[in-house]
4 protein chains.
Amino acid sequence: MADGVARDQLRAFIERIERLEEEKKAIADDIKDIYAEAKGMGYDTKVLRQVVRIRKQDQHERAEQEAILDLYLHALGMASAPMNDNDDA
Amino acid sequence: MADGVARDQLRAFIERIERLEEEKKAIADDIKDIYAEAKGMGYDTKVLRQVVRIRKQDQHERAEQEAILDLYLHALGMASAPMNDNDDA
Amino acid sequence: MADGVARDQLRAFIERIERLEEEKKAIADDIKDIYAEAKGMGYDTKVLRQVVRIRKQDQHERAEQEAILDLYLHALGMASAPMNDNDDA
Amino acid sequence: MADGVARDQLRAFIERIERLEEEKKAIADDIKDIYAEAKGMGYDTKVLRQVVRIRKQDQHERAEQEAILDLYLHALGMASAPMNDNDDA
DNA sequence: TTAAGCGATAGTTTCC
DNA sequence: GGAAACTATCGCTTAA
């Protein structure tokens with residue numbers, strides 16, 4: 001009966017994953033509903049989607065900019081204050 | 001100042017969508033974490049993913065089977081009891 | 001001997017694809033070589049890659065901006081000159 | 001004005017890389033077109049892709065087999081006559 | 001209503 | 001081994 005434990009563990013993992021995937025799907029559906037609602041009020045969902053996409057891109061780009069700035073600072077040996085790679089030693 | 005309303009509405013839609021997309025992403029990350037955790041305990045994530053996929057497939061098939069059965073029953077004028085398309089009104 | 005044609009066609013498709021994939025691989029190798037060369041001259045490839053990535057993102061974002069502008073113009077019924085959906089008929 | 005050189009070098013690297021990445025993308029698009037064309041003629045692209053993948057695998061395996069054979073021959077002090085990397089000309 | 005194009009996401013592979 | 005790039009698959013949206 002040694003594998004019973006593994007079996008239960010496995011089952012637990014799967015159930016956690018499936019639970020979360022359901023939640024994810026529910027949220028995706030909610031998003032779809034909002035687009036439908038907006039469309040119902042006369043908005044062009046195509047434009048709306050593009051706006052959302054561009055805003056996401058902006059965020060992403062900003063994050064990359066900051067990442068490269070950190071990279072530069074590191075390269076110059078002058079990282080900004082809390083930029084410790086690892087000095088908890 | 002007539003467009004102020006539309007503007008606010010639009011902004012509200014976008015914010016609702018972005019909020020939900022963040023949640024969705026958070027959940028996706030949670031799922032990834034679980035796979036990582038399972039991997040850390042020696043499970044093969046490739047297999048694990050496959051299991052999850054197959055189970056989803058199964059659910060899907062079962063749902064289809066039931067849909068077909070309902071179709072038959074309807075065609076025969078003998079829908080099973082709670083066969084309301086939509087009475088949540 | 002009717003399937004001979006299909007066979008030849010299939011073979012032709014596969015050969016064209018394989019030829020192109022070889023070219024693609026060759027180019028990917030060239031790119032790798034350049035990074036190696038840059039590294040050999042003291043450049044941090046991590047930074048270099050990030051620069052390239054950001055520049056690509058910029059291009060992408062610009063393209064999206066233009067796409068949404070076109071969308072707006074269309075919505076307003078005032079597409080810029082060569083904005084024919086399709087009048088080559 | 002000492003950094004002008006580094007700057008130019010860096011710029012040159014980036015441009016070379018970007019140029020190659022464009023070419024790579026163009027080829028990738030060509031490949032996609034071929035799949036689309038094949039699909040238009042009734043071929044199942046999923047199967048087609050699998051064929052290509054398997055053939056690549058085969059090439060890889062064959063190359064390994066030959067490498068092993070060469071290893072053996074070398075170990076025995078009897079490398080096959082023309083030990084050129086490429087004399088299929 | 002369905003096909004097809006497109007965008008997003010998930011999975012695989014590769015590099016560090 | 002972990003992160004990043006690339007690929008393939010999937011699902012949505014849209015247009016015929």
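The sequence lines fix the lettering, A, B, ..., with proteins before strands; numbering per chain opens at 1.
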Heavy-atom closest pair (A:Glu61 atom, C:Gln57 atom, distance to 0.1 Å) is CA-OE1, 3.2 Å

Relative to the 5' end of DNA chain E, which residue comes earlier, B:Lys24 or C:Lys32, by the nucleotide with the nearest heavy atom? B:Lys24

Between C:Tyr43 (OH) and E:dC16 (P), how many Å, whole number? 19 Å

Salt bridge (charged side-chain N to carboxylate O under 4.0 Å, His left out), that's the test. Do D:Arg55 and C:Glu21 meet it? Break it down for me. CA-CA 12 Å; D:Arg55 282 170 57 102; C:Glu21 294 212 328; over 6 Å; no

Just how far, in rounded Å, is C1' of F:dC12 from CD of A:Gln50? 16 Å

Taking OH from B:Tyr35 and P from F:dA3, how many angstroms apart are they, rounded to a whole number? 18 Å

Give the rounded distance in Å between these two atoms: CD of B:Glu21 and P of E:dG7. 15 Å

Write down the distance between CG (B:Asp29) and P (F:dA3), rounded to a whole number of angstrom. 12 Å

Considering residues, nucleotides and ligands other than A:Arg19, do more than 12 of their heavy atoms fall under 6.0 Å from its CZ? no

Check this for me: does any side-chain nitrogen of one of A:Glu15 and A:Arg11 sit under 4.0 Å from a carboxylate oxygen of the other? yes

Between C1' of E:dA10 and CD1 of A:Ile17, the distance in whole Å: 13 Å

Among E:dC16, F:dC6, F:dT9, the nucleotide that comes nearest once only the side chain of C:Arg49 is considered: E:dC16

Nearest whole Å is fine: how far is E:dA8 P from A:Ile27 CD1? 18 Å

Have a look at C:Lys46 and say if it touches a base, only the backbone sugar-phosphate, or nothing, with a 4.0 Å heavy-atom cut-off. nothing

Hey, is D:Asp58 close enough to D:Arg62 for a salt bridge, meaning N to O under 4.0 Å? no

For A:Thr45, report the nucleic acid contact type (base, sugar-phosphate, nothing); a contact means any heavy atom under 4.0 Å. sugar-phosphate

What integer distance in Å separates B:Lys39:NZ from E:dG11:C1'? 12 Å

Side-chain atoms of B:Arg53 come closest, of E:dG11, F:dA4, E:dA8, to E:dG11

Closest-nucleotide ordering on DNA chain F, the 5'-leading residue of A:Lys25 and C:Lys56: C:Lys56

